[in-house]
Amino acid sequence: MCLNPGEILAGRYRIIAQLGQGGFARTYTAAQLNQPNNPLCVVKEIPFPPSNDPRVLERARERFESEASALRRLGRNSRIPELFDSFEENDYFYLVQEYVEGHQLSQELIAGNRWNEQNTLALLREVLEILTSVHQESIIHRDITPANLIRRQTDQQIVLIDFGAVKEISTFTSNSTGEIFTSQPIGTRGYMPAEQYTAQSLPQPYNDIYAVGIIAIQALTGRRPTNLPQDPETGEIVWDYLTGEPISDSLTNILTNMVRFHFQDRYQSVDEVLQDLDFSIVAGPQVPKTSRKLRSRFRWLLFGVAGIAAFGAIVLLIPRISPLIPRISAQPTLPTPSADGDGVSSGEKLLVQTSALWSKQRGINEFADSNYPEALKLFKQSWREDRREPETLIYMNNALLEASGAEYYTIAIVVPIRRNQDGSILNANLAEELLRGIAQAQTEVNLSLISNESDRDFPGQGFLEPKAINGKGLKVIIADDGNIKSYAKQRAQYLAERPDILAVIGHYTSDMTVETVDTYNDHKLVAVSPGSTTEELTRKPRKFFFRTAPTTSVEAEGLVNQLLSVNKKKVAVFYNPDSPFSYSLWEQFTKQFEAKGGKTFRLRNYNNLSKNDFNAEAALEEVEKAGIKAIAVFPDGQVTNSVENALEMIKVNADRNWIVGPWTLYEPRTLEVAKELKSVEKLGLSVFWHPLISFDKKFPQNAEKLWGGPVNTRSALTYDAARTLIKALEMQPEPSREGMQKTLADPNFKAEGATGIIEFDSKTGNRKNPPKRVAHIVPCSREQFGVTFVPIEFPTAAAAGLKCD
């Protein structure tokens with residue numbers, strides 16, 4: 001809902017400012033109008049679960065009331081904020097809690113600064129004592145991080161905030177059998193143990209014990225959890241050689257047992273940890289066998305055989321490091337390996353760390369150990385547990401190829417997984433949408449290679465048409481550019497230097513493509529982008545660059561025609577001038593709109609959508625003061641927060657003025673905003689593919705069967721990019737990088753995809769006759785948000801043939 005400063009909530013809380021926003025809730029500071037002197041409080045806003053099943057909301061209400069009751073009891077502890085109020089309003093749950101003046105522990109845990117043992121022990125005991133009262137109430141926090149531990153200003157004591165159990169409410173959903181369950185894990189990467197990545201796992205005290213142990217190790221080593229190495233054989237974190245000064249064996253043992261990789265080996269209760277802490281003070285330092293064994297194994301890795309042999313051992317062991325924590329060199333004295341290969345995986349690393357199942361984690365470990373038959377078996381198990389997970393299907397395909405000894409060609413795809421500053425995933429939806437397209441095309445190829453009876457349960461059989469490439473399979477390597485330019489350049493350089501990769505699909509955003517296109521071109525590696533539309537790539541074409549998405553001039557044409565069709569001749573434009581895509585779309589839209597008699601306006605103080613302080617309400621007021629009745633919002637491809645600002649414009653506008661926007665807004669968050677509005681009749685967005693207008697009629701049907709639900713434009717364009725490369729591989733007796741370029745640039749080249757016939761202009765790499773449509777939003781009660789996108793030529797859901805009753 002995003003409450004604004006000055007708003008009055010429930011008639012008694014005046015919102016002051018937003019404190020933070022996570023994937024499940026927002027928090028605000030507010031003044032308590034019903035109390036003398038209007039003291040400060042914290043308001044936590046949790047959305048209703050996005051489900052049309054009334055039982056899901058009923059379960060959410062039950063859980064909310066239960067957790068609120070528990071928080072009231074916990075609030076009696078002076079080290080946990082008191083709960084003042086709990087209620088629901090406008091499809092949100094609200095908790096009102098005590099405001100704790102102080103600073104986050106994360107401000108004390110500075111990278112490179114190591115705490116001594118005495119201070120770490122004091123912190124460890126302090127947090128564990130708080131946890132004792134929490135666990136006594138049968139509550140598991142599930143998100144203990146330095147950011148959720150506040151050093152209170154008045155007495156310098158630690159206060160525990162932001163319990164994860166309440167946030168879980170917004171993740172409730174149901175399946176076809178009526179079972180209600182949580183769809184996403186609660187926690188923060190690095191601080192949550194492996195078993196917690198499984199959303200349906202039952203929370204246990206050892207989940208919180210792991211997090212507290214990690215925080216203590218972070219204090220002692222001065223390293224973030226994601227920068228701690230792991231034992232290549234056991235998956236255990238190896239940390240004690242990284243401390244600034246020697247640490248007693250007793251504390252080493254306690255912390256090691258708090259953060260064991262397998263939960264069965266961990267402390268099972270906080271009391272056990274506290275007892276060992278007390279015993280260590282009385283008995284003095286000891287050297288337990290488990291700790292000695294772990295340290296001696298790693299010491300062998302550090303100081304074993306000298307010279308080349310030692311270096312070779314390290315190199316051989318690197319691929320076996322657990323995917324939960326990024327790869328790191330095991331020997332500090334050796335040069336740190338290039339980071340270029342990080343964020344790249346064909347099955348040996350977990351990249352999309354949103355709802356990873358334990359079976360998938362194990363499959364990745366087996367793949368890294370080259371045990372491909374076992375990896376294939378585990379990936380199949382993970383797929384049965386979560387069919388919407390494209391990374392799993394790609395890894396399963398790759399494991400099938402290796403396990404069967406099949407010959408194959410290799411291509412790569414670069415996707416953006418958006419992350420927070422602490423490395424945790426902010427949004428992986430975009431990456432998963434892109435991966436679904438290539439995973440479906442890859443599966444079509446590799447189904448033709450299945451001969452073993454044991455692989456008869458491989459996804460897609462019975463409805464996907466097997467399409468081998470000259471009797472060979474297709475391996476896909478995934479790379480994550482994070483929508484960060486430096487990452488994108490590293491990934492491009494790494495992929496370009498791998499001779500086995502014959503072509504790349506990517507990058508998605510124009511910003512990243514502009515940064516990397518010359519790298520691919522210099523290495524004579526074809527890059528086919530499914531999302532980069534900027535005209536900058538047309539003005540300076542590269543021989544090895546092609547795209548399945550239209551250019552901004554094509555997209556602008558559709559939006560211009562839409563506004564003129566509703567008789568809007570004046571339009572205020574908002575965009576990101578620093579984005580190659582957004583700027584190019586603004587440029588093309590302005591040129592075409594004014595050429596047809598219209599007039600565009602840029603508001604001096606509000607036209608930049610990417611500004612952190614962008615004020616949608618103030619911008620809309622300026623638009624209406626100028627007598628303008630139409631708005632164009634052109635956010636970038638999720639590189640900045642401009643998408644969020646554009647969505648806020650749509651929300652604040654509330655169907656008063658016509659709004660048009662690019663296909664970067666064709667996503668579930670737009671539907672979520674539309675759900676809150678009474679009407680969304682005056683909104684038109686670009687769309688390059690929709691199930692109702694699919695050129696390949698079987699594609700949307702097959703996609704729904706494969707993924708258990710529909711896919712969108714991004715999946716279709718990536719599928720088309722993959723089909724394009726597959727066709728080019730088929731046409732060469734002995735495929736090569738230069739052969740790929742010559743084949744795609746040939747005037748006679750044609751490939752069929754979901755969006756149409758794919759042909760390229762040999763001079764620019766642009767797609768000939770690209771798709772261009774406009775979609776709008778119509779009510780449909782059966783859809784997740786009660787509304788859905790349809791091509792604008794269909795005025796209603798019924799006219800589009802959708803069954804909504």
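If you're wondering where the values come from, they're calculated on a predicted model, not measured in any experiment.
Using the six-membered ring where Trp is involved, H690 and Y666 have ring planes that are perpendicular, over 60° apart on the 30 and 60° scheme.
For the residue pair Y94 / D85, no side-chain donor-acceptor distance below 3.5 Å is found, with atom types taken as modelled. Between the side chains of Y191 and Q218, at least one donor N or O sits under 3.5 Å from an acceptor N or O. Side chains of S86 and R72: a donor-acceptor N/O pair is present below 3.5 angstrom, by distance only. Under 3.5 Å, the side chains of N645 and E648 contain no donor-acceptor pair of N or O atoms. Side-chain contact annotation: E681 with H776, donor-acceptor N/O pair under 3.5 Å absent. For the residue pair T600/E594, the side-chain donor-acceptor check at 3.5 Å is satisfied. Using a 3.5 Å distance cut-off with no hydrogens or angles, the side chains of S584 and T552 do pair a donor with an acceptor. Side-chain contact annotation: N641 with N612, donor-acceptor N/O pair under 3.5 Å present. With hydrogens and angles left out, the side-chain atoms of T509 and D636 include no donor and acceptor closer than 3.5 Å.
Between E7 and R14, no side-chain nitrogen of the basic residue sits less than 4.0 Å from a carboxylate oxygen of the acidic one, so the salt-bridge criterion is not met. One finds no salt bridge joining R79 and E129 here, because no Lys/Arg side-chain nitrogen approaches an Asp/Glu carboxylate oxygen to under 4.0 Å. Note on R669 versus E644: salt bridge recorded, some NZ/NE/NH1/NH2 to OD/OE distance being below 4.0 Å. Ion pairing between a basic and an acidic side chain is recognised when a charged N comes within 4.0 Å of a carboxylate O; K629 and E624 show no such pairing. Looking at E622 and K625, a side-chain N of the basic residue comes within less than 4.0 Å of a carboxylate O on the acidic one, giving a salt bridge. Ion pair R152/E101 not flagged as a salt bridge, since none of the NZ, NE, NH1 or NH2 atoms sits closer than 4.0 Å to an Asp/Glu carboxylate oxygen.
Looking only at distances, a side-chain donor or acceptor of D655 sits under 3.5 Å from a matching main-chain atom of K682. Checking side-chain atoms of R714 against main-chain N and O of N712 turns up no donor-acceptor pair under 3.5 Å. Looking only at distances, no side-chain donor or acceptor of H141 sits under 3.5 Å from a matching main-chain atom of H135.
The nearest pair of heavy atoms linking V673 to L647 is CG1-O, 4.0 Å. For the pair A572 and V623, the tightest heavy-atom approach, listed with the atom from each and the gap, is CB-CG2, 3.8 Å. Minimum interatomic distance between E45 and Y28 (heavy atoms only, all atoms of both residues): OE1-OH, 3.0 Å.
In this structure, the separation between CG on L57 and CZ on F93 is 5.5 Å, given to the nearest 0.5 Å. Interatomic distance, CG of L109 versus CD1 of I215, reported as 7.5 Å (0.5 Å rounding). Atom CD1 of I628 and atom NZ of K570 lie 6.0 Å apart (nearest 0.5 Å). A distance of 9.5 Å separates CG in L95 from CD in E67, rounded to the nearest 0.5 Å. Between the CE atom of M512 and the OH atom of Y487 there is a distance of 12.0 Å, given to the nearest 0.5 Å. Here the straight-line distance linking atom OG of S78 with atom CD of Q157 works out to 6.0 Å at 0.5 Å rounding.
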Trace of the side-chain hydrogen bond (donor to acceptor under 3.5 Å, both in side chains) decision for R76 with S133: CA-CA 10 Å; R76 299 168 190 159; S133 61; over 6 Å; no

S686 and E555: CA distance, side-chain angles, deciding distance, side-chain hydrogen bond (donor to acceptor under 3.5 Å, both in side chains) verdict: CA-CA 7 Å; S686 296; E555 186 170 14; 3.1 Å; yes

Criterion side-chain hydrogen bond (donor to acceptor under 3.5 Å, both in side chains) on Q32 and N38, from CA distance to verdict: CA-CA 5 Å; Q32 301 180 70; N38 300 340; over 6 Å; no

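Separation of the F634 and F589 ring centroids falls under the 6.0 Å cut-off.
Remark: Y583 OH is loosely packed, at most 12 non-hydrogen atoms of other residues, nucleotides or ligands lying under 6.0 Å away.
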